[in-house]
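What follows is a short report on a single structure.
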Amino acid sequence: MPSNTVTLVQAAPAQTRLPAAEAAIELRELRKVFGNFVAVDNLSLTITRGEIFGLLGPNGSGKTTTINMISGLSTPTSGTINVMGYALPHDAQQIRRLLGAVPQETALYEELSAWANMDFHADLFGIPRREKAARITKTLELVQLLDRKDSRVSTFSGGMKRRLALGRALLHEPTLIYLDEPTLGVDVQARRAIWDYILGLREQGKTVLITTNYLEEAQVLCDRLAIIDRGKLIVVDTPTQLKRRYGGQVIEVETSQPIRALPELQTLAGVQTVTQSGTHLQIVTEGAEKVVPSVIGILTREAQITDIAVREPNLDEVFLRLTGTALRD
Amino acid sequence: MVNSFLRTVWAITKKDLKIWQRNRASAMATILPPLAFLLVQALGAAAVGRSPVALVVQDRGVEGAKIAAAIRSADVFRLHEVEAPQAAALLRDLQVVAIITVPPDFTTRVATHVQAPVTVQVNNLNLDFTNDIRRAVPTAITEFYQAQGAASPIQVTIQEHDLRQRDVEFFQFSVLPTLVLLLTISGVLTTGLAAAREWETRTIKELLLAPVPAGAVIAGKVLAGFVVSFALGLLVLALGAALNWIRPVGIYWGTAVFVIALVALFSAGLGVALGALLQRIQPVIGVSITTSLYLYFLAGGTAVLAFEPEWLQHIAAFVPLTYGDHALQMAVFYSSADQLGRDTAVLALSALVTIGAGIIAMRRGIARA
């Protein structure tokens with residue numbers, strides 16, 4: 001696996017260079033070092049205006065450090081950051097006005113009501129008094145919390161808190177929204193609702209930057225994905241392209257008894273990996289159509305095939321192949 | 001620019017005040033320690049100030065009535081005027097510390113200039129009580145002779161020259177250091193918790209990601225602590241005046257309010273520094289209350305500093321609250337501006353130092369958030 005990873009890193013496509021006006025975020029050779037630890041290593045990345053862009057990587061991969069540098073919370077050791085045409089750190093105040101952030105911890109004032117939290121945020125972002133009430137009402141309505149506007153946040157469920165945090169980030173009408181693990185710890189139903197809000201943001205022309213550990217989430221939401229590992233950019237592409245380019249196809253076979261001819265299967269041209277669990281076989285291939293006849297031939301010598309299916313790989317498999325580790329390791 | 005700064009300061013102050021108001025535990029932690037000290041002081045003053053004593057007047061004559069009146073007016077006893085058997089029972093049950101008995105032939109003996117013994121039976125359970133009785137009974141006898149004027153066989157004249165115009169009881173005197181303790185705890189705790197809470201609940205990110213200057217965030221936090229502390233100080237001052245414990249006159253109301261404001265500012269600055277340094281609510285509560293109590297003790301808050309041991313006086317000279325206590329005592333008890341310049345200068349400088357420390361701690365905390 002590690003050798004595969006190295007090859008693929010080298011094969012990763014170069015970033016499409018966009019004109020500054022089209023770029024929502026442009027990172028050039030960004031580097032952040034804490035003592036001897038390199039958290040972000042020469043990261044170059046361009047995020048287009050109006051897209052939902054996902055940053056994928058295991059814990060400690062450098063996602064949060066990158067986001068902190070983009071939002072001006074942390075200063076890069078070297079490299080440049082441009083956000084909506086503004087350069088950091090010089091234009092940090094302007095960038096903060098354009099940025100709506102939903103941190104992982106939601107970071108709400110639990111003793112205060114939903115309304116008071118929004119009111120405080122409105123004051124911090126200088127929303128004019130005459131507009132404040134109308135905007136808060138509209139935003140609470142959007143995240144379906146208007147009926148709970150006077151309830152203390154401490155009485156809210158995890159999903160409600162996430163929605164409120166999202167509403168708070170939208171209150172000052174930012175053009176760029178950053179969501180750190182937006183559905184972490186929320187139930188399936190609330191997750192669906194949050195996904196709908198995020199997809200709605202794209203329709204409003206907002207640029208959305210998401211960090212997530214959920215590949216399913218990345219697949220549903222993101223127009224493009226960047227996979228980061230150990231501070232380095234591994235690859236950037238659309239979820240479909242990533243699966244197509246790095247996932248191949250997966251053959252799932254159910255046999256009447258465990259198979260002994262695994263080494264033979266492994267040597268077939270186009271087969272990448274073979275794993276067996278009981279009577280279940282998973283064969284990752286570069287292209288299933290060329291391999292399936294040979295696989296059937298080998299398997300039927302030993303056992304009966306009770307079920308066979310060819311499917312597209314998921315992002316977990318792509319991630320595993322690109323980095324050599326599972327995302328949640 | 002200035003408007004935006006002020007708006008941010010006010011938004012943060014308003015938010016911190018709302019949280020303080022809704023967090024009853026913080027409010028209780030602010031008010032309970034000073035109240036406990038006030039109660040301890042009140043009980044202590046009551047216990048050592050007026051010992052319960054049984055007075056048995058067996059003499060029905062004029063002189064017996066006079067010595068009984070002298071004992072009553074000595075104002076150092078809580079008297080139970082009872083018959084001898086009841087007095088014995090009270091002493092046995094530890095309800096009185098002594099029985100003072102005026103014998104049946106007291107008037108006759110005084111009239112004939114024969115020794116007239118007033119017997120005192122003391123339960124010397126505690127030397128403090130015993131000494132009170134030992135001092136108080138001769139005082140009453142002296143007053144008895146003094147009241148007789150020229151007719152007295154013993155001419156007693158006491159010439160007391162008071163340094164101050166007003167007598168202040170020990171309990172009243174201890175109210176002011178306790179008020180300063182309240183100001184300190186409320187200021188330190190309110191701002192300390194407000195600052196630490198931002199880190200503990202990660203809401204510091206909300207502040208850092210807002211397009212507001214760090215100075216406005218810090219100023220808002222200090223102002224919230226100042227408002228709570230100052231308001232409580234004014235409340236206690238008003239309550240003290242209503243109960244007639246403290247009575248500033250004219251301009252000295254202003255002096256008292258100014259000193260309260262300076263102590264509140266000093267405490268709020270200290271609170272921001274502690275909160276930003278510790279960044280956790282539990283440690284902030286412990287450290288704030290302990291620090292405030294030590295400052296209170298070291299400023300001689302439990303008694304009169306001038307009569308405390310010399311080593312404590314040396315330490316107290318470096319504790320800002322010493323100057324707050326002194327300035328308040330001068331203003332509210334004696335309507336005096338004695339050393340007001342020194343006291344307010346030290347307090348103002350201390351407030352600047354703690355606010356400076358708060359700014360540094362907060363900025364460092366923000367940089368590391």
Side-chain angles (χ1 to χ4, degrees), chain A residues 34 64 67-68 70-75 83 86 89 91-113 115-129 132 150-155 161 164-165 168-169 171-172 174 176-178 180, chain B residues 1-29 190 193-221 223-224 279 281 363-369:
Chain A
F34 297 104
T64 305
I67 291 294
N68 282 347
I70 292 172
S71 52
L73 292 179
S74 173
T75 313
V83 180
Y86 291 108
D91 302 322
Q93 294 286 67
Q94 286 93 326
I95 290 171
R96 282 174 192 160
R97 284 187 194 283
L98 299 172
L99 181 69
V102 184
Q104 196 181 112
E105 315 85 8
T106 65
L108 295 157
Y109 294 100
E110 304 244 335
E111 297 90 342
L112 301 181
S113 66
W115 186 279
N117 268 280
M118 299 293 261
D119 186 66
F120 177 58
H121 184 86
D123 285 339
L124 286 184
F125 280 80
I127 294 173
R129 280 196 183 87
K132 204 159 70 170
D150 297 321
S151 302
R152 280 193 192 196
V153 172
S154 56
T155 64
K161 285 179 188 172
L164 182 60
R168 183 182 62 178
L171 187 66
H172 61 283
L176 171 64
I177 295 139
Y178 142 59
D180 191 2
Chain B
M1 191 74 172
V2 175
N3 266 356
S4 156
F5 186 92
L6 292 178
R7 190 178 172 183
T8 306
V9 170
W10 180 235
I12 288 168
T13 302
K14 206 169 56 171
K15 183 263 296 173
D16 281 351
L17 289 177
K18 264 187 203 165
I19 291 175
W20 181 84
Q21 187 197 348
R22 289 177 188 191
N23 202 324
R24 285 184 189 156
S26 309
M28 286 296 111
T190 306
L193 287 179
R197 189 176 285 118
E198 302 287 3
W199 272 278
E200 190 159 302
T201 59
R202 311 286 177 95
T203 43
I204 190 75
K205 271 198 174 176
E206 157 83 343
L207 300 178
L208 297 179
L209 288 169
V212 295
V217 175
I218 297 164
K221 298 239 158 269
L223 186 60
Q279 300 185 0
I281 289 171
R363 280 193 183 278
R364 281 191 179 174
I366 284 171
R368 289 175 190 164

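Computed from heavy atoms alone, side chains included, the values below leave out hydrogens, waters and symmetry copies. Lettering of chains follows the sequences in order, A, B, ..., and the numbering in each one begins at 1.
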Please report the shortest heavy-atom distance between B:K205 and A:L73, naming the atom on each side.
CE-CD1, 4.1 Å
Contact summary for A:L124 and B:P211, nearest pair of heavy atoms:
O-CD, 4.0 Å
Rounded to the nearest 0.5 Å, what's the gap from NE2 on A:H121 to CG on B:L209? Could you check?
9.5 Å
So which part of A:Q93 gets closer than 4.5 Å to some heavy atom of chain B, the side chain, the backbone, both or neither?
both
What part of A:H172 is in contact with chain B, defined as an atom under 4.5 angstrom from a non-hydrogen atom: side chain, backbone, both or neither?
neither
With a 4.5 Å cut-off on heavy-atom pairs, point out which of A:E110, A:E105, A:Q104 contacts chain B the most.
A:E105
Please determine, among B:I12, B:N23, B:T203, the option with the most heavy-atom pairs under 4.5 Å with chain A.
B:T203
So which of A:A169, A:G126, A:A92 has the largest heavy-atom pair count under 4.5 angstrom toward chain B?
A:G126
Reported CZ-to-CZ distance for the pair A:R152 and B:R22, which is rounded to 0.5 angstrom:
5.5 Å
Using non-hydrogen atoms only, which part of A:I95 is less than 4.5 Å away from chain B: side chain, backbone, both, or neither?
neither
Could you tell me which of B:T8, B:I19, B:T201 has the largest number of non-hydrogen atom pairs under 4.5 Å with chain A?
B:I19
Look at atom CZ of B:F5 and say whether more than 12 heavy atoms of other residues, nucleotides or ligands are closer to it than 6.0 Å.
yes
With a 4.5 Å heavy-atom cut-off, do B:D16 and A:Y109 have their side chains touching?
no
More than 12 heavy atoms of other residues, nucleotides or ligands under 6.0 Å from CZ of B:R7: is that the case?
yes
Assess whether a salt bridge exists between A:D123 and B:K15, defined as any Lys/Arg side-chain N lying under 4.0 Å from an Asp/Glu carboxylate O.
no
Sub-3.5 Å donor-acceptor pair from the side chain of A:R96 to the main-chain atoms of B:L208, do we have one?
yes
